[in-house]
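Have a look at the structure below before the remarks.
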Amino acid sequence: MAVWQVNEAGNRVAVIALAHDVKAGEVVKAGDLVAAEVAPDPALKPVPVTRSQDIVGKRAAADLPKGTLITGASVTEGANVAKGRDTVGVLAKPGQLPAQHLRAGDAVVVVYTPQDSADAKSGQKPATPDSISAVVVAVSAPDANGAQVVDVAVAPTDSAPLATWAARGSATIVLKARS
């Protein structure tokens, strides 16, 4: 067993890694890539350096930190989710977005959740809340209070109402079922 391990340690392959961080949804450029040598491992499926052209021009499927080995699942051929749509930033506090991490390309519904409770005071059953379908473009890291900015792509006709809801802190993000 020890002889096999020593032999395998010398058997390295050139694969693609990241030279620096690439955010989810960003197009991967040749300058983002660097060669790395690793021992073959059936649990890993890194893309060989010889296939760099298959990665350049595709979009990062998730936030990819510097040094990440690139696999086929690291990138997507999908078009820019914001193409033909407006991007609106929604500052969401804990409780206004799912605990499950959102990622670029996720389908979401942004629900209008006003802070006043006029319906509750009047005793009437509240109407179904307004909502807007959107796609996540990017998600910031949480701040000290756990709030995150979620950039979402929406139809141009929905951007003004959504921006208003977001400015009032009256927008809650619902993650649609992932396929």
Item to complete: Would you check, one step at a time, whether the test side chain to side chain contact (heavy atoms under 4.5 Å, CB included) holds for Leu64 with Asp21?
Response: CA-CA 6 Å; Leu64 302 172; Asp21 295 350; over 6 Å; no

Next item on the list: Side-chain contact test, heavy atoms from C-beta onward, threshold under 4.5 Å: evaluate it for Leu44 versus Val38 and give yes or no.
Entry: no

Heavy atoms of Gly31 and Ala19 approach each other most closely as O-CB, 4.0 Å

Linking I/L/V/M/F/W/Y whenever any side-chain heavy atoms sit under 4.5 Å apart, do Val136 and Trp165 land together?
-> yes

* **Side chains of Lys58 and Val28 in contact at under 4.5 Å (non-hydrogen atoms)** => no

In terms of heavy-atom contacts, Asp86 and Pro156 come closest through OD2-CA, 3.2 Å

When rounded to the nearest 0.5 Å, the distance separating CD of Glu26 from CG of Asp32 is 7.5 Å

hydrophobic_cluster_shared for Val139 and Val22, side chain cutoff 4.5 Å: no

(Q) Tell me whether Gln148 contacts the main-chain N or O of Ser140 through its side chain, where contact means a donor paired with an acceptor under 3.5 Å. (A) yes

| message | Apply side chain to side chain contact (heavy atoms under 4.5 Å, CB included) to residues Val109 and Val111 and explain how you reach the verdict. | response | CA-CA 6 Å; Val109 175; Val111 180; 4.0 Å; yes

Smallest heavy-atom separation, Val49 atom then Val15 atom, equals CG2-O, 3.3 Å

What one should report as the nearest heavy-atom pair of Arg59 and Val27 is NH1-CG2, 3.3 Å

Do the side chains of Ile132 and Val149 join up, straight or via other hydrophobic residues, at under 4.5 Å, putting them in one cluster?
no

Note to self: Within the 4.5 Å heavy-atom criterion, are Ile16 and Ile55 side-chain neighbours or not?
What the structure shows: yes

Task: Backbone of Ala147 reached by a side-chain donor or acceptor of Asn145 within 3.5 Å - done: no

Note: Val154 and Ser133 closest approach over all heavy atoms is CG1-O, 3.9 Å

Requested in this report: Indicate yes or no: at least one non-hydrogen side-chain atom of Arg85 is less than 4.5 angstrom from one of Val135.
Outcome: yes

Checklist entry - Do you reckon Val56 sits in the same ILVMFWY cluster as Val75, going by side-chain contacts under 4.5 Å, direct or chained? => result yes

*Yes or no on side chain to side chain contact (heavy atoms under 4.5 Å, CB included) for Leu102 and Leu175, after CA distance, side-chain angles and deciding distance?*
CA-CA 8 Å; Leu102 295 174; Leu175 175 64; 3.9 Å; yes

**Message:** Testing the 3.5 Å rule here: is there a donor-acceptor pair between the side chains of Thr113 and Thr172?
**Reply:** yes

- Show your reasoning for whether side chain to side chain contact (heavy atoms under 4.5 Å, CB included) applies to Leu18 and Ile70. CA-CA 7 Å; Leu18 286 173; Ile70 299 296; 3.8 Å; yes

*Are Leu162 and Val152 side-chain neighbours, meaning at least one heavy-atom pair lies under 4.5 Å?*
yes

Rounding to 0.5 Å, atoms OG (Ser131) and CD1 (Ile173) come to a distance of 13.0 Å

In terms of heavy-atom contacts, Leu33 and Ser52 come closest through CD1-O, 4.4 Å

Exercise for the section: Please confirm whether the backbone N or O of Glu37 pairs with a side-chain atom of Arg12, one donor and one acceptor, at under 3.5 Å? Expected result: yes

